[in-house]
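Below, read A as the first sequence line, B as the second, and so on, with proteins coming before strands; counting in each chain starts at 1. Note that the structure is a prediction, hence the values are computed from the model and not measured.
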Amino acid sequence: MDSKLIVYNTLTRQKETFKPIDEEVVGMYVCGPTVYGDAHLGHAKSYVSFDLVYRYLVHIFPKVKYVQNITDVGHLTDDADEGDDKIAKQSRLEKIDPMAVVERYMFNYFRDMDALNVRRADIYPRPSGHIPEQIEIILDLIAKGFAYEVNGSVYFDVAKYDETFDYGKLSGRSVEEMMEGAANRTLAAQSDKKNGFDFALWKRADPSHLMQWNSPWGKGFPGWHIECTVMSQKYLGDNFDIHGGGLENQFPHHECEIAQAEAHTGKAFANYWLHNNMVTINGQKMGKSLGNGIFCSELFTGDNFQLERAYSPMTIRFFILQSHYRSTLDFSNDALEAASKGFARLQKGLDRINELEASDKSTIDISSLKDSLYHAMNDDFNSPIAISKLFDSLKMVAALEAGEETITIADLELFKSLFNTFFFDILGLEVEETGTQSNEITDELMGLILDFRKAAKEQRDWGTADKIRDKLKELNIGIKDSTDGASWEFEK
RNA sequence: GGUCUCGUGGCCGAGCGGCUAGGCUGCGGUCUGCAAAACCGCCUACAGCGGUUCGAAUCCGCUCGAGACCUCCA
């Protein structure tokens, strides 16, 4: 527990000891979703990953200020689409206001993330609510000579910035390379930009554009990158600790955020950049064009042609946490089935530990379990290792149950609190309700049925005993016989 | 074409110079009237080919394969 938290910083491409600017309050900003559609498996991985980071930071630091944007001024849909942004396109499709699209999918996003037990950020700023702040910083960038206006649009002057700063330091690119790259590519569209790699801070909107605002340069809308720069700095300060996001946003989005911020303040922007990896499905990348996307809601209901059955939110969360956040995660029914079973066993461990009896000496080493758990998390949030240690501890539980090992009351309390802390607080797992709640009536009824079955067994009437068990099985009620009598539970 | 990741046993997935993670499946066993659950044991893998090293899944090179990004817009 004394060891330090190590994080992989994309900025330096290596693992570093995490040193917060202010030990009392760690600041973290994570790129949130553009809310023009439901959250899918990729969102689940991304936000569960940063939830793990958040939860662990909360665990080891006094306070964490967590900011995540909800992008409600859309970006373009894809290369083929021109003019419309993602939200505007969806708004035409659904024949509702762009902001109604935003409201709908934002609430769906929260609904799905809540199901995955993703803790809410402290602030969810939206770019449409920060237009004046964005205009302000753009004016400053123009004043400082890092931006220029052309025909009602404002662009960031990357070459100018690169004279005194280092454009490309996050993604490992250089302006020279990009110039060569651009020369080798056939870029169809001409533009108002000085250089192809300049990016928009503000775009002029034609009258048909659904979302537009007044600005010193006429009607328009903000560029995509500027929102994150403005909102992260507004709530966390010019220089803050952690900026997170998906790997695919490393370039250009995060690179541009850095350029805008550092040109604006002259100071370093985020100290640590954390990027989570993507999801593949049966070894193939998940993408709209491949038609293999799976929404969170579909995972929970099983309503997708690629799913053999529904998987509970906690199974999905556990599945995600069983791989490292910087690794790709391959989705398949077999993998989820495995996760589901493993998670069920881990859950049962909670009860088993609670039922352990203390003794006057310990023959097992709880402190080394503790060390290994914290060591795993301190090593760049290595949840798969932490989970493996929890499974290892189940072996100890079995030995204790069998009386092969003993444990003192103090060690047992430590064991309980350790297991619970990691299971609930850090990994953010929950004990799943089995769908059907038992109540007094069902308890009584089941007691009655089990009495009948017990009587049948005493008569060695195995046919009746098995029939009762089989019929209950069909109702997803499992019977377990033991030497102390039979018990039952709802199964999935 | 450029930049950068990655390729681990039937499946998923850690490790990243020596000490053969973990989960799931399968097989054997304990328990049980039979099951289920639980427990115990077994299945010794690192894409291929070279190289460095006393020693490589881990470092280097090449080949093959997969993925992300590459400034129109966002």
Is it true that [Y] and [X] share a donor-acceptor pair across their side chains at a distance under 3.5 Å?
X: Y311(A); Y: N333(A); value: yes
X: D330(A); Y: T280(A); value: yes
X: T10(A); Y: Q250(A); value: no

Quiz item: Could you state the interatomic distance from OG1 (T421(A)) to CG (L427(A)), rounded to the nearest 0.5 Å?
Solution: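 Those atoms lie 10.5 Å apart.
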Quiz item: With centres under 5.5 Å and planes under 30° as the test, does F391(A) stack with rG23(B)?
Solution: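 By the stated criterion, F391(A) and rG23(B) do not stack.
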Candidates [options] - which lies nearest the side chain of [X]:
X: S323(A); options: rC40(B), rG13(B), rG33(B); value: rG13(B)
X: Y155(A); options: rA38(B), rC73(B), rG33(B); value: rC73(B)
X: R13(A); options: rC4(B), rC34(B), rC69(B); value: rC4(B)
X: D330(A); options: rC39(B), rC70(B), rG13(B); value: rG13(B)
X: K193(A); options: rG23(B), rC73(B), rG33(B); value: rC73(B)
X: A335(A); options: rA68(B), rA14(B), rC12(B); value: rC12(B)
X: K457(A); options: rC40(B), rG33(B), rC24(B); value: rG33(B)
X: D466(A); options: rC34(B), rG22(B), rG2(B); value: rC34(B)

Between the protein and nucleotides 15-17 of chain B, are there any N/O to N/O pairs under 3.5 Å, and if so, what are the atom names and distances?
| unit_1 | atom_1 | unit_2 | atom_2 | d |
| --- | --- | --- | --- | --- |
| rG15(B) | OP1 | N382(A) | ND2 | 3.1 |

Quiz item: Using a cut-off of less than 4.0 Å, is there contact between a side-chain N or O of K395(A) and OP1 or OP2 of rC39(B)?
Solution: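 Result: no.
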Quiz item: Would one find a side-chain N or O of R345(A) under 4.0 angstrom from OP1 or OP2 of rG22(B)?
Solution: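 Answer is no, no contact under 4.0 Å.
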Practice problem: Would you please name every residue forming a side-chain contact (heavy atoms from CB on, under 4.5 Å) with T229(A), sequence neighbours left out? | Solution: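 T229(A): side-chain contact (heavy atoms from CB on, under 4.5 Å) contacts with I137(A), Q233(A), E257(A), Q260(A), A261(A).
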Quiz item: Pairs counted as Watson-Crick or G-U wobble with both distances under 3.5 Å: what dot-bracket string results for RNA chain B, using | for bases tied to another strand?
Solution: (((((((..(((.....[...))).(((((.......)))))....(((((..]....))))))))))))....
Practice problem: Classify the nucleic acid contact of F199(A) as base, sugar-phosphate or nothing, counting any heavy atom under 4.0 Å across all strands shown. | Solution: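 It contacts nothing in the nucleic acid.
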Quiz item: Say you pick atom C1' in rG10(B) and the same atom in rC43(B); how far apart are they, in whole Å?
Solution: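 Pairwise C1' distance, rG10(B) against rC43(B), rounds to 10 Å.
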Quiz item: Ignoring hydrogens and angles, are the base of rC6(B) and the side chain of R326(A) linked by a donor-acceptor pair under 3.5 Å?
Solution: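 No such pair is found, so the answer is no.
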